[in-house]
Amino acid sequence: MARDSLTLRRPDDWHLHLRDGAMLKAVLPFTARVFGRAIVMPNLVPSVTRVSAAEAYRKRILKALPRGAQFKPLMTAYLTDATAPDEIERGFKSGVFAAAKLYPAHATTNSAFGVTDIARIDKVLERMARIGMPLLVHGEVTDPAVDVFDREAVFIERVLAPLLKRLPALKVVFEHATTRDAIEFVRAAGPNVAATITPHHLTISRNALFQGGLRPHMYCLPVAKREAHRLALRKAATSGEAKFFLGTDSAPHPIADKEKDCGCAGIFCAPAALEIYARVFDEENALDTLEAFASVNGPRFYGLPPNDERVTLKRKTWKVPAKVKVGADAVKPFLAGEELAWKLAR
Ligand code: DOR
Ligand code: ZN
């Protein structure tokens with residue numbers, strides 16, 4: 001008999017873009033209603049490179065929370081060529097930085113100040129390996145000679161595999177894995193290497209970008225890949241394996257910035273993230289492993305206790321909102337206007 005209710009430990013989001021100002025205020029409630037904690041990406045303008053900047057950003061997030069919301073932002077450091085190992089260690093040891101993020105320079109939104117060559121942050125990475133601080137990677141090379149759809153696989157070969165050879169104990173999260181190559185690499189690596197998987201990469205292949213026309217709201221980086229890759233992601237996410245956990249990569253941009261010549265990369269999935277994961281797990285007959293993926297594997301990797309509270313999903317048809325207003329503009333959620341069969345109970 002099909003199950004119509006599912007109670008799990010309160011989940012966390014291990015990869016999230018909250019932005020700042022009016023956008024932060026508009027998008028934060030969607031995350032805080034579901035998730036107990038979130039790893040907050042540091043790609044603001046200016047980027048969050050210092051402990052003081054992360055503390056100030058954390059304060060702005062807490063201030064933007066709806067009254068009564070229980071939510072803990074976990075802050076990250078944006079690595080640049082100039083990052084000082086001492087600053088990173090100080091942030092980690094004082095509990096401000098939960099991790100540090102590697103954006104290869106120009107790989108994606110607000111990554112212009114990212115790392116131009118991994119060799120330049122050798123000392124930082126050595127220090128992180130020594131103190132057990134997780135490195136979160138945007139795993140794509142930026143070499144224009146490499147096909148966009150191959151950039152993740154080539155990153156593994158050129159950057160990640162050599163890095164882990166050099167620093168085998170470094171804790172690494174391969175963020176928003178989009179390929180079978182990434183899944184296989186993470187699986188074959190030690191327990192210090194894990195991956196997050198987004199709801200949209202579990203749902204769409206690259207065909208969705210071109211369905212009946214050009215679809216800017218299906219565009220994010222790393223871009224969705226072929227169907228065979230999506231199927232590998234679904235197997236990994238629903239496997240229950242400790243290495244794979246939830247990270248939405250919800251990345252809101254105003255509609256005007258998505259629907260233009262040279263539109264921004266980023267999919268705003270927060271309004272229905274957990275419900276979309278539930279749909280995927282249901283389709284894969286794997287609802288029993290949703291709690292491991294959403295609520296247990298992530299905290300275990302980060303060395304944190306899982307949340308004590310519980311959330312309940314009910315089988316109840318509802319529609320993803322068409323738009324979320326932000327000042328005079330709006331953001332369009334992933335699967336806007338579509339019906340979903342699972343809904344978080346209030
Ligand atoms: O699509 C993306 N959007 N990928 C990223 O890596 C960054 C993100 C953003 O900040 O908009
Ligand atoms: Zn991201």
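Side chains included, hydrogens not; waters and symmetry mates left out as well; all remaining heavy atoms used. Whatever order the structure lists ligands and atoms in, that order sets their numbers, starting from 1.
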ask   = If you measure from the Lys or Arg side-chain nitrogens to the Asp or Glu carboxylate oxygens, is any gap between E227 and R230 under 4.0 Å?
value = yes
ask   = What N/O/S atom of H17 is the closest to the Zn ion (ligand 2)?
value = NE2
request  = Output the atom name for the N/O/S atom of D249 with the smallest distance to the Zn ion (ligand 2).
outcome  = OD1
ask   = If you check every N/O/S atom of H15, which is the one nearest the Zn ion (ligand 2)?
value = NE2
request  = Classify the angle between the aromatic ring planes of F245 and F301 as parallel (below 30°), tilted (30 to 60°) or perpendicular (above 60°).
outcome  = tilted
task = State whether R315 and D4 are salt-bridged, where the test is any N-O pair (Lys NZ or Arg NE/NH1/NH2 against Asp/Glu carboxylate O) under 4.0 Å.
result = no
request  = Any chance you could lay out the side chain to side chain donor-acceptor pair (under 3.5 Å) test for K225 and T179, step after step, and finish with the verdict?
outcome  = CA-CA 7 Å; K225 306 296 191 297; T179 57; over 6 Å; no
ask   = What residue pairs, at least two apart or across chains, pass ring pair (Phe, Tyr, Trp, His ring centres under 6.0 Å) with a residue in residues 103-147?
value = Y78-Y103, H138-H176
note = Close residues (non-hydrogen atom under 4.0 angstrom from ligand 1) work out to H17, R19, N43, T108, T109, H138, C220, L221, A251, H253, A265, G266
ask   = Below 4.0 angstrom, N of the basic side chain to O of the carboxylate: do E55 and R90 qualify?
value = no
Greater than 12 external heavy atoms within 6.0 Å of R234's CZ = yes
